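Report on the following structure.
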Amino acid sequence: MARRSVQFWRIEQLNGDELNRPFPARRVAEVLKKAQDAATDRHFTSVDGTVLLAQAVASSPHPVLLLDRVRDTNLPSVGDALGRRKPLPLAPGDHLLETTYFAFLKRNVIAVLTSGNGPRASRLGEYLEGMLGLELSLVPVVREDIEEILTRLEVSRFEFALPAERLSGKLMEGEWADVLESASRLMNEGTFRISLSVGRSGKAEDKQRIRDRIQQLIDLFRRAGSVEHFDYVVAEGKDSLTGEREVVDLLKERFVSHVEVDPDVFNDPQKSIAEAMAILNKQARDNESFFARTLPDIKGSADSSLVPDIVAGGMAATREALAAAVRAELPGGAGHELVRG
């Protein structure tokens with residue numbers, strides 16, 4: 001058996017505004033299914049060159065999407081019984097797909113069944129923005145009192161550790177990606193540990209500036225979709241309400257379930273979809289009472305008009321087509337200075 005995690009995220013904002021009605025997940029699934037049936041090209045290339053491809057596999061009881069990271073370079077090799085290496089047997093035009101499964105639940109919660117190589121949760125936001133113009137802001141669903149504790153914490157230390165073989169800039173974003181990528185070139189075995197602290201010397205305003213910066217880095221770290229790959233993540237400081245020293249284990253703050261899966265099943269494309277849907281639907285049932293107790297209820301109905309049909313090339317192609325239409329209507333094509341795709 002193999003171990004996988006189910007992370008829970010919540011859609012907090014949509015297109016820059018607080019989302020206080022259901023996210024139109026069923027419409028997204030319908031649009032994807034329509035594009036699949038029409039053989040519309042659904043590939044999207046992120047700014048860092050990562051190629052993503054989504055498909056809808058269910059709309060009831062919860063919309064479920066697959067998001068694949070598409071690979072056609074740096075592919076692994078295949079070994080026979082004696083360890084002799086040979087190329088991965090892909091037919092011309094085939095790609096390697098690394099999959100993450102997303103189920104859209106009540107209260108704008110997304111359950112994410114991850115694997116070691118599949119796209120992070122944040123990649124779904126990139127894909128939906130690039131293909132449909134939907135800008136999602138995702139926040140992790142956390143245990144009941146963790147936000148209250150961290151809000152009161154005057155942080156003085158932040159520390160994390162992970163095995164050197166897991167070091168990769170792909171685990172994080174921004175400054176942390178640079179740190180981990182550099183560390184991966186320094187060591188490939190043992191444990192990598194980093195600690196940030198305010199220190200004992202210095203003026204009060206200098207210490208507060210350091211605290212603020214560490215807090216920013218903690219917030220960035222917490223929003224990453226791969227914290228479960230770490231062995232140890234803690235924040236330490238003084239509780240401003242009680243005056244007591246607090247050590248907060250950030251690995252335990254997220255609401256993450258760990259499930260055992262049959263690796264043979266997940267190597268079969270059809271069986272893996274059915275198994276993933278069963279896992280996600282069970283997680284939705286098992287944790288509904290927790291979500292009802294800790295998350296705001298969402299009233300109203302989803303606004304399906306926000307979700308356009310998919311066109312090949314996504315929103316970039318749509319904007320370019322609109323810009324071209326405007327340029328064609330203006331004398332001498334002058335519109336190219338007025339409209340930018």
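Here the structure is a predicted model, which is why all the values come from computation and not from measurement. Basis for what follows: all heavy atoms, side chains included, without hydrogens, waters or symmetry-related copies.
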Exercise. Taking the six-membered ring for Trp and the full ring for Phe, Tyr or His, determine whether the centres of Phe230 and Phe221 are under 6.0 Å apart.
Key: yes

Going from [atom1] on [X] to [atom2] on [Y], what distance comes out if it is rounded to the nearest 0.5 angstrom?
X: Leu14; Y: Leu134; atom1: CG; atom2: CG; value: 6.0 Å
X: Met131; Y: His43; atom1: CE; atom2: NE2; value: 9.5 Å
X: Phe158; Y: Ile214; atom1: CZ; atom2: CD1; value: 9.5 Å

Got a donor-acceptor contact below 3.5 angstrom from the [X] side chain to the [Y] backbone?
X: Ser197; Y: Ser156; result: no
X: Gln36; Y: Ala56; result: yes
X: Arg120; Y: Lys170; result: yes
X: Arg21; Y: Ser301; result: yes
X: Thr100; Y: Pro119; result: yes
X: Asn108; Y: Arg10; result: no
X: Arg26; Y: Ser59; result: yes
X: Lys207; Y: Arg200; result: yes
X: Asp68; Y: Val70; result: no

May I ask you to say whether [X] pairs ionically with [Y], meaning some side-chain N is under 4.0 Å from a carboxylate O?
X: Arg27; Y: Asp309; result: yes
X: Arg71; Y: Glu98; result: yes
X: Arg123; Y: Glu126; result: yes

Quiz item: Going through the checks in order, is the side chain to side chain contact (heavy atoms under 4.5 Å, CB included) test met by Leu128 and Phe23?
Solution: CA-CA 12 Å; Leu128 294 182; Phe23 177 75; 4.2 Å; yes

Quiz item: Going through the distances and angles, do Glu288 and Arg107 end up as a side chain to side chain contact (heavy atoms under 4.5 Å, CB included)?
Solution: CA-CA 10 Å; Glu288 169 59 24; Arg107 298 179 177 81; 2.7 Å; yes

Practice problem: Could you go through the side-chain hydrogen bond (donor to acceptor under 3.5 Å, both in side chains) check for Ser184 and Ser168 one step at a time? | Solution: CA-CA 6 Å; Ser184 70; Ser168 170; over 6 Å; no

Quiz item: When hydrophobic residues are tied together by side-chain contacts of less than 4.5 Å, even through go-betweens, does Ile298 share a cluster with Phe290?
Solution: no

Quiz item: Are Val307 and Val311 grouped together when hydrophobic residues (ILVMFWY) are joined by side-chain heavy atoms under 4.5 angstrom apart?
Solution: no

Quiz item: For the side-chain contact (heavy atoms from CB on, under 4.5 Å) test, which of Leu280, Thr114, Val112, Asn287 pairs with Val6?
Solution: Leu280

Self-check item: Stepwise side-chain hydrogen bond (donor to acceptor under 3.5 Å, both in side chains) check, Asp212 with Gln208
Solution: CA-CA 6 Å; Asp212 292 343; Gln208 187 58 51; 2.9 Å; yes

Quiz item: Honestly, is Arg4 close enough over Tyr101, meaning NZ or CZ under 6.0 Å from the six-membered ring centre and within 45° of the axis?
Solution: no

